[in-house]
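Naming: A, B, ... by sequence-line order, numbering from 1 per chain.
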2 protein chains.
Amino acid sequence: MVDITVEFNSKVPVYIQIYEQIKDLAYSGKLKPGDRVPSSRTLAGLLEINYHTVNQAYQALWKDGLLKMERGKRYVIAKGKTENEVYSEIEEEGRDMINRALRVGLTEDEIMNLMKRMLKGRNGGAGNHA
Amino acid sequence: MVDITVEFNSKVPVYIQIYEQIKDLAYSGKLKPGDRVPSSRTLAGLLEINYHTVNQAYQALWKDGLLKMERGKRYVIAKGKTENEVYSEIEEEGRDMINRALRVGLTEDEIMNLMKRMLKGRNGGAGNHA
DNA sequence: TACGTGTTCTATATCATATAGAACACTATT
DNA sequence: AATAGTGTTCTATATGATATAGAACACGTA
């Protein structure tokens, strides 16, 4: 159905994990405008969490304009965001890292090399999957 | 004395902000092994926070081996970490960003360009300063 | 001695997170 | 028409992290 994973050990709240992954699914085009997301009770069952938690993620996405709905119907992907919006979000996430690296004394070249190195070897994690 | 700033609006807990900044001061060499950090009551007064909060940061740093102390004396910088250790910490911070960028569909080249762009225009923030 | 340390203790308050169950109005399906 | 599945709202509880607060203690230093 959808490709969502939650990591209970993570410091990131479960509802934020769902929130971000659905956002990414929409950004990447794996979920297109008009696609229905799983009902809160369904997804909650698959992930073995409470449906209120799923709803918390959905309402945050609705607040962002990424999900829309009509009474009694399911949540639906509202729109894909523009490239620029995606970039600015990624930027926001990366800025802390860059600031810290500079604060520690790394040069711009060292940071770029670090990025290259990071882009090579990557790994994944385990968790509840739906 | 030391260059520490706390941002109350931030989602990052105050004691974590202090923790990270002292770590960075040690990594960058602005604080060298043997240097004394401000007493918890002193720094708390400057930042206008509770001294227990400062102590929380210091104890976390002590747990990491970055601060050492002898009974009745002040906390002292224990050691500068190796380059590799610094890198691995920065890596850990940056990995989330990269994973997300890839999940959204950005290519490696696009990510590298984004990094270059981020390294050009940067800004700072306001907050209590000591 | 007096002061400043870090430490420990108890206490309180707030907020975020997460779960839980019930009831409701609405839609879609049968 | 009846049933099942929606999201929504309500109250409730539990836990953990965060932050503040004040007191007392042992120790080192001036």
Looking at A/L61, A/V37, A/L25, which hits side chain to side chain contact (heavy atoms under 4.5 Å, CB included) with A/I77? A/V37
Is it the case that atom CZ in B/R36 sees more than 12 heavy atoms from other parts of the structure closer than 6.0 Å? no
Taking any heavy-atom pair under 4.0 Å as a contact, classify A/E70: base, sugar-phosphate, or nothing. nothing
Mind calculating the distance between CD (A/Q17) and P (C/dT17) to the nearest angstrom? 12 Å
Mind calculating the distance between CG (A/N55) and P (C/dA18) to the nearest angstrom? 14 Å
Ionic contact status for A/D3 with A/K30, cut-off 4.0 Å: no
Taking OP1 and OP2 of C/dT5, is either one under 4.0 Å from a side-chain nitrogen or oxygen of B/S39? yes
Could you give the NZ-to-C1' distance, from B/K11 to C/dT14, as a whole number of Å? 19 Å
Using a strict cut-off of less than 4.0 Å between a Lys/Arg side-chain nitrogen and an Asp/Glu carboxylate oxygen, indicate whether B/E108 and A/K116 qualify as a salt bridge. no
Extract all donor-acceptor atom pairs below 3.5 Å that involve side chains of residues 12-21 of chain B and protein atoms in other chains or at least two apart in sequence.
unit_1, atom_1, unit_2, atom_2, d
B/Q17, OE1, B/E7, N, 2.7
B/Q17, NE2, B/E7, O, 2.9
B/Q17, NE2, B/V12, O, 2.8
B/Y19, OH, B/K23, NZ, 2.7
B/Y19, OH, B/D64, OD2, 2.2
B/Q21, OE1, B/T5, N, 3.0
B/Q21, NE2, B/T5, O, 2.5
B/Q21, NE2, B/Q17, O, 3.3

Could you give the CD-to-C1' distance, from B/Q59 to C/dG6, as a whole number of Å? 9 Å
Whole-Å distance, B/N50 CG to C/dG6 C1', equals 14 Å
Contact interval (first through last nucleotide) of DNA chain D with protein chain B, 4.0 Å heavy-atom: D/dT18 to D/dT29
Are any of B/K73's side-chain N or O atoms less than 4.0 Å away from OP1 or OP2 of C/dG6? no
Without decimals, in angstroms, what is the distance between B/M69 CE and C/dG6 P? 7 Å
Rounded to whole angstroms, how far apart are OH on A/Y19 and P on C/dT17? 13 Å
In whole angstroms, the gap separating C1' of C/dG6 from OH of B/Y58 amounts to 11 Å
5'-most contact on DNA chain C (nearest-nucleotide basis), B/S40 vs A/Y51, goes to B/S40
For the pair B/D35 (side chain) and B/K32 (backbone), establish whether a donor and an acceptor sit closer than 3.5 Å, ignoring hydrogens and angles. yes
Provide the full list of ring pair (Phe, Tyr, Trp, His ring centres under 6.0 Å) pairs with a residue in residues 56-80 of chain A, sequence neighbours left out, each pair given once. A/Y58-A/Y75
